[in-house]
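Inspection log for the structure reproduced underneath, given as C-alpha cells.
In what follows, chains are A, B, ... by sequence order, proteins preceding strands, each numbered from 1.
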Amino acid sequence: MTTESEEKISPPNFIRDIISNDISENKHDNIITRFPPEPNGYLHVGHAKSICLNFGIAEDFKGVCNLRFDDTNPEKEEQEYIDSIRQDVEWLGFHWETNPSASDYFDQLYSYATQLIKKGLAYVDSQNADDMRSNRGSLTEAGKNSPFRDRSIEENLQLFVDMKNDKYSDGEHALRAKIDMSSPNINMRDPVIYRIRHATHHNTGNKWCIYPMYDFTHCLSDAIEGITHSLCTLEFEDHRPLYDWFLDKLETPCHPQQIEFARLQLKYTLTSKRKLNQLVQENIVDAWDDPRMPTISGMRRRGYTAQSIRAFSEIIGVTKKDSTIEMGVLENCLREDLNKRAIRRMAVINPVKVIIENYPEDQEEMVTGKNHPQDPQFGTREIPFSREIYVEQDDFMEDAPRKFFRLSPGREVRLRFAYYVTCKEVIKNDDGSIREIICTYDPESKGGKSPDGRKVKGTIHWVSAKHATTASVRIYDRLFNISNPAKLDDFHNALNPDSLITLDNAKLEPSIETVRQPLAYQFERLGYFIADTHSTNETPIFNRTMSLRDSWAKIEKEQNNS
RNA sequence: UGGGCCGUCGCCAAGCGGUAAGGCACUGGGUUUUGAUCCCAGCAUGCGUAGGUUCGAAUCCUGCCGGCCCAGCCA
C-alpha cells in the first residue's frame with residue numbers, strides 16, 4: 001500500500017518562478033488563482049493540466065484557488081456540466097473555498113459597463129453583425145469606425161438601459177468598448193462587451209436579456225475575486241492588452257496578472273470540447289464518460305487513478321511552447337501508480353480448456369497466491385485448483401518457436417502458484433479449432449517448485465473451470481488511428497474501428513469482486529482492470545485500464561518480420 | 001507582406017554568460033513463480049540557422065529560416 005502523506009512540491013516552471021519573485025518582492029499578501037471552466041461540456045485531460053497547475057500553485061504557495069464557472073453564454077451552458085465539473089475537480093483531489101460563477105457578478109458587471117459609457121469609453125453600436133465584421137478590417141487592413149461610434153454619453157446610457165430592459169431584439173444593438181479601430185491587434189478594434197440574447201440562463205434564469213462577453217467578464221471577475229495570477233492558455237495572449245485595458249480604465253479592487261501557457265495536446269487524441277461533444281452526439285462513443293474518452297470522467301471510468309493524472313500533469317511541465325505529448329508518458333504514469341496499488345488476481349480472457357488427466361476427477365484443493373509480488377502488506381489468498389482449468393489461448397501454440405516459454409506439445413510450464421504441467425495432446429473440433437488440451441501434472445511441484453529443482457522457464461495464469469466466474473471484458477484502444485486528429489476537419493475517417501473489443505467469455509478467479517471496487521486489480525500477465533460502473537454480480541463487466549508492458553509482443557513481431 | 005508567441009536528443013523538459021540535468025521512448029545486461037516489476041549501463045563536441053560581442057555564448061546582439069495563434073454579438 002502507498003502512503004500519500006509526504007508533501008510533494010511540484011517542479012519549478014516559469015509561472016512558479018514569476019510567482020516566487022512576486023512573493024519575494026512582497027507584491028501580494030497571499031496567492032489566489034482560479035480555474036475558470038465554461039460549463040458547456042465535460043472536463044478533459046487538458047483541463048486536468050490546468051487544474052493541477054492552478055490548484056497546485058495555490059497549495060504550494062499556501063494560497064487558494066477558486067473554482068469559477070465562466071458562464072456568460074446561456075445558450076451553451078447547463079447544470080449537468082456544472083455537476084460534472086465539480087465532481088471531476090474533487091475527484092482529482094483538489095478543494096476550493098469558493099465556487100462562484102461569473103453570472104454572480106452580472107449586476108457589478110453591468111455597473112462597470114455603465115461606468116465605461118460615462119467615461120466615454122464605450123458606446124452602443126447599432127450596426128448589424130455583418131457590417132460590424134466588414135468594418136473590422138482584416139489582418140493587414142485597419143478597420144473603419146462605426147457610424148454610431150460618436151453617440152453622446154447620454155444617448156449611450158439610455159440605449160444601454162433600454163437594452164437591459166428588453167426593448168430590443170437579439171442583435172439589434174451591442175455595447176462596444178471604444179478603443180482603436182486601426183489597432184494591429186484585432187481584439188482592440190472596439191470589441192463587443194455586451195450583446196442582447198433572449199435566453200434562459202441556468203443560474204440567473206430570465207433576469208437578463210443582455211450578457212457580457214468573455215474579455216469584459218473575465219478580467220473583472222478576476223479583479224472582484226482578488227485573483228493575483230490569472231493563468232490561461234496561449235491563444236489568449238493577444239487578449240492580454242484588452243484584459244489590462246479594462247482593468248486600467250475601471251476602478252477595480254486589484255489588477256491581476258494574466259500569464260499564458262501552452263495547452264496540453266496528446267498524440268492520437270482530441271481535446272476539444274466541441275469535437276468530444278460531437279463524438280457523444282453521434283453515438284460514436286456511449287457518453288462523455290465512455291472509457292475511451294480523454295475526459296476526466298471517461299478516464300475515471302476506465303480505471304485511471306487521480307494520482308496518475310496528477311503525476312502526469314506534473315511531469316509534462318509548463319511552458320509556452322506548443323507541444324504534443326506522446327501517449328507513452330501518460331501510460332507510464334498510470335502503470336507506475338497502478339503497479340504499486342493494484343491487487344493481483346488471475347483471469348483468463350480468451351479461455352481454452354485444459355484437462356489434467358492424472359489429477360483425480362473428484363479432487364479439488366487450494367493453492368496460495370500472493371496478492372502483490374513485492375508488497376507483503378497486500379497479503380495472500382487461497383485459490384481453488386481442480387482437474388479442469390482454463391488457460392489463455394495465446395499461451396498455447398502447436399508449433400512453437402524455441403523462445404516460446406509457454407504451453408506447447410511436450411513442453412512443461414508452471415501454472416502460477418500451483419503445479420508444473422506438461423502438454424500431452426491437443427483435441428480439436430471438426431473445424432480444426434482447439435477443443436481442449438490434455439496435460440499431466442507433477443504432484444511434487446505444488447506451489448510452483450519441484451524438489452529436484454529443475455528449471456521451468458514459463459509461468460502461465462489459469463482459472464479453475466468449475467470455480468470460475470464468467471464476465472464480459474472490454475479491451476480499449478485509441479479512438480483515432482492518426483497521431484493528430486485535431487488537425488482534421490472531419491475526423492470520421494480517422495476513427496479506429498478496434499477502439500473497443502468486447503470479450504464475453506472471460507473466466508475470473510472467484511475472489512474477484514464484480515461490482516466496482518475502490519482498488520484496482522491487476523489480472524496477472526494481462527494488465528490492469530477495474531469493474532465498470534455498470535458492472536453487477538449478475539452481469540460482471542471489466543474494463544481493461546491498461547495493458548502490462550509486453551516485451552514478448554516485440555520479440556514475436558520481430559520474428560514475423562524476419 | 002499587420003500583430004502576438006515559440007524553436008535544447010524521437011517526444012517532453014532543465015538551463016538565466018563559465019563549458020548540455022531529468023523523464024518517456026529506444027538499445028544492451030542482471031534479478032524474477034507475471035516475457036510484469038525492479039536494478040545496472042548506453043543514448044546531444046552540441047542547443048533552428050548565419051554572423052557578431054566576449055578570455056568564454058544554449059544563455060547577450062543582429063539578420064534569416066521554420067512553426068503556432070488572432071478578423072464570433074463563443075470562451
(message) With a 3.5 Å cut-off and heavy atoms only, can you find an N or O donor on one side and an acceptor on the other between the side chain of A:Arg406 and the base of B:rG35?
(response) yes
(request) Check whether the aromatic ring of A:Tyr214 stacks on the base of B:rA75, taking stacking as ring centres less than 5.5 Å apart and planes within 30° of each other. (result) no
(message) Between B:rA21 and B:rG51, how far apart are the two C1' atoms, rounded to whole Å?
(response) 30 Å
(request) Establish, yes or no, whether the cationic atom of A:Lys164 lies under 6.0 Å from the six-membered ring centre of A:Tyr110 and within 45° of the ring axis. (result) yes
(message) OP1 or OP2 of B:rC11 versus the side-chain N and O atoms of A:Thr324: is any pair under 4.0 Å?
(response) no
(request) In whole angstrom, give me the gap between the C1' atoms of B:rU45 and B:rC40. (result) 26 Å
(request) Would you mind classifying the nucleic acid contact of A:Gln522 as base, sugar-phosphate or nothing, using non-hydrogen atoms under 4.0 angstrom? (result) base
(message) With no hydrogens and no angle check, just 3.5 Å: does a side-chain donor-acceptor pair link A:Tyr123 and A:Asp190?
(response) yes
(request) Would you jot down, in residue-number order, the residues of residues 176-193 of chain A having a non-hydrogen atom under 4.0 Å from RNA chain B? (result) A:Pro184, A:Ile186, A:Val192
(request) Give a yes-or-no answer on whether the side chains of A:Thr271 and A:His44 include a donor-acceptor pair shorter than 3.5 Å. (result) no
(request) Please check if any side-chain donor atom of A:Asp130 sits under 3.5 Å from a side-chain acceptor atom of A:Asn128, or the reverse. (result) no
(message) Taking B:rU34 as the reference, what is the distance to B:rA75 when you measure between their C1' atoms (whole Å, please)?
(response) 48 Å
(message) What contact category does A:Phe404 fall into here, base, sugar-phosphate, or nothing, at under 4.0 angstrom with non-hydrogen atoms?
(response) base
(request) Can you tell me, in whole Å, how much space there is between the P of B:rC6 and that of B:rG15? (result) 15 Å
(message) If you assign each of A:Asn13 and A:Arg525 to its closest nucleotide in RNA chain B, which residue comes earlier from the 5' end?
(response) A:Asn13
(request) Rounded to whole angstrom, note down the P distance from B:rA20 over to B:rC9. (result) 16 Å
(request) Would you indicate what A:Thr217 reaches in the nucleic acid, counting non-hydrogen atoms under 4.0 angstrom: base, sugar-phosphate, or nothing? (result) nothing
(message) Measuring to OP1 and OP2 of B:rG72, would you say a side-chain N or O of A:Arg133 lies under 4.0 angstrom away?
(response) yes
(message) Categorize A:Tyr194 for me: base, sugar-phosphate, or nothing, with a 4.0 angstrom heavy-atom threshold over every strand shown.
(response) nothing
(message) Need one value for A:Asp215: base, sugar-phosphate or nothing, where a base atom within 4.0 Å counts as base even if backbone is also close, heavy atoms only.
(response) nothing
(request) Assign each of A:Ala418 and A:Asp238 to its nearest nucleotide of RNA chain B by heavy atoms, then name whichever residue's nucleotide is nearer the 5' end. (result) A:Asp238
(message) Checking understanding here: a glycosidic angle within 90° of 0 is syn, the rest anti, so what is B:rG72?
(response) syn
(message) I'd like to know if the side chain of A:Asn40 pairs up with that of A:Glu77 as donor and acceptor (distance under 3.5 Å, no hydrogens or angles considered).
(response) no
(request) Mind checking A:Ser138 for me? I need base, sugar-phosphate or nothing, with any heavy atom below 4.0 Å counting as a touch. (result) base
(request) Give a yes-or-no answer on whether the side chains of A:Asp166 and A:His198 include a donor-acceptor pair shorter than 3.5 Å. (result) yes
(request) For A:Lys403, report the nucleic acid contact type (base, sugar-phosphate, nothing); a contact means any heavy atom under 4.0 Å. (result) base
(request) Have a look at A:Leu139 and say if it touches a base, only the backbone sugar-phosphate, or nothing, with a 4.0 Å heavy-atom cut-off. (result) base
(message) Any base atoms under 4.0 Å from A:Gln127, or only sugar-phosphate, or nothing? Heavy atoms, all strands.
(response) base
(message) Heavy atoms only, 4.0 Å cut-off, all strands: where does A:Gln374 land among base, sugar-phosphate and nothing?
(response) base
(message) Under 4.0 Å, heavy atoms only, any strand: does A:Arg240 hit a base, just the sugar-phosphate, or nothing?
(response) nothing
(message) Just to be sure I understand the rule, does A:His239 reach a base, reach only the sugar-phosphate, or reach nothing, if contact means heavy atoms closer than 4.0 Å?
(response) base
(message) Test your reading of the model: is there a side-chain donor-acceptor pair from A:Glu25 to the backbone of A:Asp22, 3.5 Å cut-off?
(response) no
(request) Applying ring-ring contact (aromatic ring centres under 6.0 Å, His included), name anything that partners A:Phe396, two or more places apart in sequence or on another chain. (result) none
Write out a two-atom table: protein N or O, nucleotide N or O from nucleotides 22-26 of chain B, distance below 3.5 Å.
from: B:rA25; atom 1: OP1; to: A:Arg549; atom 2: NE; distance (Å): 3.4
from: B:rA25; atom 1: OP1; to: A:Arg549; atom 2: NH2; distance (Å): 2.8
from: B:rC26; atom 1: OP1; to: A:Lys554; atom 2: NZ; distance (Å): 3.0

(message) Let's see if you can work this out: which of B:rG7, B:rG72, B:rC73 has an atom nearest to the side-chain heavy atoms of A:Met132?
(response) B:rC73
(request) Take atom C1' in B:rG4 and the same atom in B:rU8, then report the distance between them in whole Å. (result) 23 Å
